[in-house]
Structure formats: structure tokens, C-alpha cells
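Comments concern the structure below.
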Amino acid sequence: MSAPQKISIFGATGSIGQSTLDLVGATPDAFKVIALTAQKNVTKLADAAIQTGAQYAVIADSSQYETLNNLLVGTKTTVLCGKEGLLEVAQIEVDTVISAVVGLAGLEMTYAAIPYCRKLALANKESIVAAGEQILALATEHSTKIVPVDSEHSAIFQVFEEQNRAQLNKLILTASGGPFRCLASAEFANITVEKALKHPNWDMGAKITIDCATLANKGLELIEAALLFNVPEHQIDVIVHPESIIHSLVAYQDGSTLAQLGMPDMRTAISYALGWPYRHKTLVKPLNLIEMGKLTFEAPDLTRFPALRLARQALKNCQGQRIIFNTANEIAVENFLNHRLSFIEIPKIIEMMLEKTTPPKLNCVADVIDFDRYLRHHTQQIIQQFQF
Ligand code: NDP
């Protein structure tokens, strides 16, 4: 029997983190959990640490340290907190890091972990969007394999033939279209947080669920695909496929288009990233195409969903614009979730920030983090001042 795979899960209490823990729990002998991290959810983090026997549990919010410590008294888990704790566990050697923090908050620890892991299972798309150049360069330097967790990128990863790169025609990302795919534009002003949080196919964290509703998520994924697979913007299409069965496609110049299909269940993509280069059995319902009956496709509507257009524009421009797209979106979504901004104002804020901000020269991840900090503050100010 081979040695268990040593893993650390960043964002263990979130939707991806919990699905990862489910998979780990199903084959406990295959994994040894080294570190689990969360922002503030001490109860879920302590439960996960007890269940897996994790060596470290790290809570980013230092005010929760005592509570977590008390919950883990009598266990062998070492409790750490704050940015120092996150960076400390990022620098422990493991086979696989599952990077599943939401937002650019995941960048620093993901970047710090790259020299210390053999494989980075990357769900935290915001990091690649903002600092793809730096992350990919470091991964190459340390021979760390990046395996995407996002279902679309996992699909492309599975069918992309590196040896036929010169014969690539297009990457085709599929999008469910979200809950407002068929909603008339006149109704967009009445979209509530509750309605936007109801995704038709996927059960996910709040931020990505709103991103799916605005199609900003597809914009982030467009950028992620361009960087991860080193393919120019004009060679990446987005099509709406409401059933979310085809997770993405790669079209070659000989007329062949290869796709990866499966039920809309993130456990398939997570399991693939955990197991790569091998596949493991999961409890995901097998795909039954006869039961499905038909699969449908349509073009995305960039008028009702301008965030996708803005992401394409940012991708065509420069790294600084991609950071603006990401950070302005994060802050706008946060304000929408707190009922301080309406749904249609989310892309307006992104557009305004893209127009108003001149990005600085960005040489390293520290520059990205500084620029993101500036943008967070500035976007929040604009939201407070702006009268729509
Ligand atoms: P969730 O909101 O469900 O979970 C986010 C996780 O990150 C939680 O563990 C949270 O801790 C932690 N976290 C949040 N803020 C911080 C911070 N400042 N410092 C450290 N940790 C923090 O997100 P998802 O699981 O839905 O998404 C995670 C990532 O995966 C995102 O980038 C998303 O785009 C991507 N993704 C998600 C998919 C999904 O199906 N959910 C599909 C494809 C990609 P706490 O619980 O304590 O707040």
C-alpha cells in the first residue's frame, strides 16, 4: 500500500473545503491531513480537525483563537491564528494543497505554499486572475503542478492536448447562465439578494453564487483559462449551457471538439485534482444522457450581463486591469450581500473602477497585494459616494 497523500486544505470550512473533506473522509487511509484553515468559523474548523486528526488548525481571525483552542483541548492538533499562522502552515511540506479560500485573501497563502507542495489543487480563481503571472512562474520554478478545481478548467485540463497546442482552435467555456438567464432586462432592477443566492444547478459559497448570477464568475474563469492554459483571449469562447453537463470543450483545427461531461457536482473536479494523475471512485451520481434527454446551448447576453464583457476587456488590457476587475467585483458583491448596493450596480462599479484607475507597475505578488488594498478602499469610497 502506498503512503497516504499529505494534504493541507486552505478554506476548509467553505463549500469546496467541506466537499474535499467529504472525499477525504470516504477514503481516510489515502490521506494524511496536515493543516486546515478558516477565517472565523471555529466550530466547523474544530469539527474537521477532530474528524481528520489534522496536525494544525489555523483561524485567520485572531480574536477566535481562544475559542478554537478550547474546542481542540485534549487533541493533538496545534492551534495557530492570524496571517502568521496561515503563512506558517503554508510553508509545511505536503503533497497537495487545496487552495479554497474565497477572494484575493487566498493569494498570499497560496503563493507561499507553492515551493512546499508538489501539487496545487486550485479553486481560488481570484488569485490566478490577479497574480497569474507570478503564481505560474513560481510553480514552474519549483516544479509544482497546478491542477484546477474549477469544473470548467478541470474539464479543459482533462482534454487539452499539449502536444497539439499549435492545432488548437478554441477553448470553449460553458456557463449555466445563472438564475436570471431568462429574466427580462426590465426586471433586473428588482433582483434581491435572496433570489440571486438561488443557483439553479450548483450549491456554492455566497460570493461565487452572486458571481454566477452576474456572469462575473464566467469573466473570472475566462481570465483564469487564458492564464492557466496560456491561450490568448480571442481563442476563448463562452457559451451558455443551462444543464451544466458539458463542463467545457477544446476545439482543434482538424474539426474535432473534445469535451468533459458529468453531473453538476464539484466532487468530481475536486476528486480529480486530489487524485491526479489517477482517478478515484466518488459517490457522484453517474451521468445518464438518456435521462437528460437533451442538452441546450445559447450565446451569452452581454447587455444584461455586462460583467463578462468587462472581464474580456480587462484580460485584453493588462494585469492591473484584471486586478481592478477582481477587487471591484469582490467589494461590490460584498456590498450587494449587505443590501448596500443593487444587483445592477455591481457591473457599474466594476466599469467605473476600470475607467477611473490607472494601474501601477506590478513586479511581484507584494505589488499585487498593495494594489488590491488600495482598490478595496477606493471602491468602498466610490460605493459610498456614488448616487445611481
Ligand atoms: P466559501 O465562501 O464557501 O468558503 C470560503 C472559505 O474561505 C471558508 O473556509 C472561509 O472561512 C475562508 N475564508 C474566507 N475569507 C478568508 C480570509 N480572509 N482568510 C482566510 N480564509 C478565509 O467559498 P467557496 O468554497 O464557494 O469558494 C472557494 C473558492 O473556490 C472561490 O475562489 C470560488 O470562486 C472557487 N470555486 C468554488 C466553487 C464552489 O462550488 N463553491 C466552484 C468553483 C470554484 P470561514 O468559513 O471561516 O468564513
Side-chain angles (χ1 to χ4, degrees), residues 8-22 35-49 57-65 67-68 80-87 89-90 97-110 112-113 120-130 147-155 173-176 197 199 201-212 214 216-221 223-225 228 244 247-248 263-270 272-273 284 326 329-330 333-334 337 369 372-373 376:
S8 289
I9 307 175
F10 301 165
T13 51
S15 159
I16 293 287
Q18 294 284 295
S19 295
T20 307
L21 286 163
D22 282 351
L36 299 173
T37 82
Q39 162 68 2
K40 55 183 182 314
N41 195 334
V42 273
T43 315
K44 253 190 191 173
L45 183 59
D47 284 351
V58 190
I59 194 79
D61 177 351
S62 302
S63 70
Q64 300 293 322
Y65 173 79
T67 315
L68 182 60
L80 300 173
C81 70
K83 186 174 149 186
E84 301 71 29
L86 296 172
L87 292 179
V89 296
V97 161
I98 295 93
S99 167
V101 168
V102 63
L104 207 61
L107 172 58
E108 221 172 338
M109 52 203 297
T110 301
L120 175 66
L122 185 77
N124 178 233
K125 64 188 82 181
E126 295 89 349
S127 288
I128 274 284
V129 166
V147 183
V149 167
D150 231 335
S151 57
E152 295 77 0
H153 306 75
S154 174
L173 294 173
T174 54
S176 72
L197 281 174
H199 194 281
N201 302 343
W202 300 94
D203 183 13
M204 307 175 286
K207 191 252 175 188
I208 185 175
T209 305
I210 303 303
D211 286 350
C212 286
T214 60
N217 181 53
K218 213 45 62 180
L220 294 168
E221 290 180 2
I223 299 172
E224 183 184 7
L228 278 182
S244 298
H247 297 306
S248 278
M263 295 304 282
D265 186 327
M266 281 308 293
R267 287 177 301 176
T268 300
I270 300 170
Y272 182 79
V284 174
N326 180 67
N329 179 57
E330 278 193 34
V333 169
E334 203 177 288
L337 286 169
I369 291 167
D372 169 69
R373 193 176 301 122
R376 275 170 202 275

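Count residues from 1 along the sequence. Every number for a ligand or one of its atoms is a count from 1 in the order of the listing.
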Just to confirm my output: which protein heavy-atom neighbour is closest to [atom], and how far is it?
| atom | answer |
| --- | --- |
| atom 25 (O) of ligand 1 | I16 N, 2.9 Å |
| atom 3 (O) of ligand 1 | S15 N, 2.9 Å |
| atom 36 (N) of ligand 1 | I208 CD1, 3.6 Å |
| atom 29 (C) of ligand 1 | V101 O, 3.5 Å |
| atom 4 (O) of ligand 1 | G14 CA, 3.1 Å |
| atom 35 (C) of ligand 1 | A123 O, 3.1 Å |

Note, [X] side chain near [Y] side chain (heavy atom, < 4.5 Å):
| X | Y | value |
| --- | --- | --- |
| V149 | T20 | no |
| T43 | Q64 | no |
| L80 | E84 | no |
| W202 | C212 | no |

(message) Looking only at the side chains, is there a donor atom on one of Q18 and D22 sitting less than 3.5 Å from an acceptor on the other?
(response) no
(message) Is it true that N41 and Q39 share a donor-acceptor pair across their side chains at a distance under 3.5 Å?
(response) no
Kindly confirm or rule out an N or O of [X] lying under 3.5 angstrom from an N or O of ligand 1.
| X | answer |
| --- | --- |
| A206 | no |
| D203 | no |
| D150 | no |
| G11 | yes |
| T37 | no |
| E126 | yes |
| G205 | yes |
| Q39 | yes |
| L86 | no |

At a 4.0 Å threshold, what atoms of ligand 1 neighbour a non-hydrogen atom of [X]?
| X | result |
| --- | --- |
| A105 | 17 (C), 18 (N) |
| M204 | 39 (C), 40 (O), 41 (N) |
| M266 | 40 (O), 42 (C), 43 (C) |
| T13 | 8 (C), 9 (O), 10 (C), 11 (O), 45 (P), 46 (O), 47 (O) |
| A12 | 9 (O) |
| V102 | 2 (O), 5 (C), 7 (O), 14 (C), 23 (O), 31 (C) |
| N41 | 46 (O), 47 (O) |
| K125 | 32 (O), 34 (O), 44 (C) |

(message) Using the rule side-chain hydrogen bond (donor to acceptor under 3.5 Å, both in side chains), only one of H247, K218, K125 pairs with E152; which is it?
(response) K218
(message) Yes or no: does A100 have any heavy atom under 4.0 Å from an atom of ligand 1?
(response) yes
(request) Run the numbers on M263 and T268 for side chain to side chain contact (heavy atoms under 4.5 Å, CB included), then give the verdict. (result) CA-CA 8 Å; M263 295 304 282; T268 300; over 6 Å; no
